[in-house]
Each structure stands twice: as structure tokens, then as C-alpha cells.
Protein chains: 2
Amino acid sequence: MTTRRDAVHDTLRRSEGFRSAQDVYAEMRLHGAKIGLTTVYRALQALADGGQVDVLRTDEGESVYRACASDTHHHHLVCRRCGRTVEVDGPAVERWAETVGSEHGFTEITHTVEVFGTCSSCSAPARTG
Amino acid sequence: MTTRRDAVHDTLRRSEGFRSAQDVYAEMRLHGAKIGLTTVYRALQALADGGQVDVLRTDEGESVYRACASDTHHHHLVCRRCGRTVEVDGPAVERWAETVGSEHGFTEITHTVEVFGTCSSCSAPARTG
DNA sequence: GGAGATTTTGACAATCATTTTCATTCTGCA
DNA sequence: TGCAGAATGAAAATGATTGTCAAAATCTCC
């Protein structure tokens, strides 16, 4: 029975950017879903373990999740204002990471690469602030 | 009076890799330093704000700090086993991040790039396990 | 040198995301 | 129907980090 997990996955799919477990929980409850916070956490973890969603940490240390379109290795360009996320590819970076690691005698190299910025929608209307 | 802050900075300098606030606190107390956990946190934040130490988040969401030799922008190659850290430079990555961001209309681009691996010391002696 | 203002310190409480616990509910199955 | 095992979720526990506030250290002007 994975009804709840699917519901969590669906909620994530409807979001543009990365969302925290608390966000997902709040949104689901808002739409009338009967689900507990614990279950949301568990579903998110299962989804992440299964590679169906991507996870990253905010500056505040909160885990945020996203149902990405691409199921292969990729990185993210995230708007620090609205959270809008673009999935990007960076073969040059992959190679760079491998090279740097090898040069220093490191093996089993992995890397984390995320790009943050302010998207056009958020920077265009120079609101008061 | 920045005695405590200097003490914290010194403790960090004596470490090879990234250390958490709790680590630093424990080590200082171990060496007989009279300092409180709150002060260690404050010193670490001040040091990080001033750019004297680098900060990053572990997978568990804990903040870890390091007194890096280079005071210019750089990245880290971290041994996932022993924590040994090498400061690395990646001009190609900097350019890539800028390009990717611009292509999608993002401005004020920043990025996080960290490389993890197993260093030669840790992978060489194929111990039991 | 000294009184009062200001900053720093640190023990303790509070916060908050996340995890654990555990009793209840649900599911499939005979 | 009745049971075993998985799923659920409310509430408590955890643990890093932050806030509070009174005491101690330091500075400032006289």
C-alpha cells in the first residue's frame, strides 16, 4: 500500500522548486489530505532512497526535496527568492571533479554542485525593498 | 577582547579537516580551556562572517568549520573517511556556473561545489572491512 | 584610581526539524 | 472471521543551534 507515498510524490510534482517536509505536509493538509507528519517524512526518505526525488540542504540545514524530470545525474540552478529550479547538466564539472580527485590520489569520487541566483521574474520587477 | 575567538581559531587551525562546533568545544575543554558552548558558536559564526573560516554542511545537517590557508574563493576535496581536506581551485567551474546562470536569466549567481572521495592513506591499506 | 557604561561570557532554557516509540489501523490471506 | 505483518500517526525524544539574562570583564571619561 503506497497510496500515501504516491500522494506525497504528487504534491512534490506540482511544485516548481524544492520543498521541505514541513512544506509538503502543510500543503497536503491544506488540500484536505489526511496524513501525518511522520508519514510525510518517511515517504520523502523512501522516495529519496529510491532516487525518485532529489534532496539538498538549505543554508538553515533543512532538507528540501524535488521531483525532478530527469532521472539521470544532474545539478540545479535554484532561484534564491522564489525557489524556481532549473535542472542543468555539467559534463565539464563532472570531469573536473574526477580530475581534481585523481590528482590528489582520491578515489570513489562524488561531488555536490548547486548554483543559486535570482531568476528573471524575481529580479525584473524592482519592487520596493 | 578577542581572546576566546583567537583560541577557537587556533583550535581550528590545528585540525586537518572540517570540525563541528561541538567538536571544537569538546577539544578545547579537553585541553583545559575554560569556555562555554555558546561562546564557541558565537566565535565560529563571527569567524565565518569575517571570512576567516569556511563553513559547510554535513549530510546530517551539522555545520562544520575549517580554517583554510587560502583566503580567496576555493573549493574542497574532502576525504569521506578521515576528513582530510585539500583546498582546490576550479576556474572552469566558476565560469560554468556563471554561464549556466546567465543562460537562464539568473543574476547574482553563487554556487556550492564540494568534492568527496577516499584519500590514498585511507584506501591504500585495505584493512578488514 | 574609580564610577558607570558597554561588551563579552556562559549556564540554562527555548526552538525547531527530524527521529523514535508504540499503540492502533489496515491489508492480504487462509 | 481471525491473524501476521506492514503502515500510520500522535506524542515524546533527540540533538544541534539560538535566545535569554545576569554576572564578569573591559573600556571611557573624569
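- A donor-acceptor pair is defined here as one N or O able to donate and one able to accept, closer than 3.5 Å; no such pair exists between the side chain of A:Glu103 and the backbone of A:Gly101.
- Residue pairs meeting the side chain to side chain donor-acceptor pair (under 3.5 Å) criterion with at least one partner in residues 87-96 of chain A, sequence neighbours excluded, are A:Arg66-A:Glu87, A:His73-A:Glu94, A:His75-A:Glu94, A:Glu94-A:His111.
- Applying the salt bridge (Lys or Arg N to Asp or Glu O under 4.0 Å) test to pairs two or more places apart or on separate chains, those with a residue in residues 25-53 of chain B are B:Arg19-B:Glu27.
- Here the C1' atom of nucleotide D:dG9 and the NZ atom of A:Lys34 are 10 Å apart, to the nearest Å.
- Taking only side-chain nitrogens and oxygens, A:Thr39 comes nearer than 4.0 Å to OP1 or OP2 of D:dG9.
- Partners of B:Arg57 according to the salt bridge (Lys or Arg N to Asp or Glu O under 4.0 Å) rule, which considers only residues two or more places apart in sequence or in another chain, do not exist here.
- Judged as a ring pair (Phe, Tyr, Trp, His ring centres under 6.0 Å), the pairs with a partner in residues 4-50 of chain B (not counting sequence neighbours) are, in order, B:Phe18-B:His76.
- Counting side-chain heavy-atom gaps under 4.5 Å among Ile, Leu, Val, Met, Phe, Trp and Tyr, A:Leu30 is found in no cluster with other residues.
- The salt bridge (Lys or Arg N to Asp or Glu O under 4.0 Å) search around A:Glu98 returns none, not counting sequence neighbours.
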Fill in the blank from the handout: Here DNA chain D, pairs taken as Watson-Crick or G-U under 3.5 Å and shown with ( ), [ ] when crossing and | when to another strand, reads ||||||||||||||||||||||||||||||
Exercise for the section: Produce a footprint string for nucleotides 15-21 of chain C: one letter per nucleotide, 5' end first; B if the base is under 4.0 Å from any protein heavy atom, S if only the sugar-phosphate is, - if neither. Expected result: --SBBB-
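- The salt bridge (Lys or Arg N to Asp or Glu O under 4.0 Å) analysis of residues 7-17 of chain B, with sequence neighbours excluded, yields the pairs B:Glu16-B:Arg84.
- B:Arg5 places its CZ atom 14 Å from the P atom of C:dT7, with the value rounded to the nearest Å.
- Protein atom OH of B:Tyr25 is 10 Å distant from nucleotide atom P of C:dC12, rounded to whole Å.
- Atom pair A:Leu44:CG and D:dT8:C1' shows a separation of 16 Å (rounding to whole Å applied).
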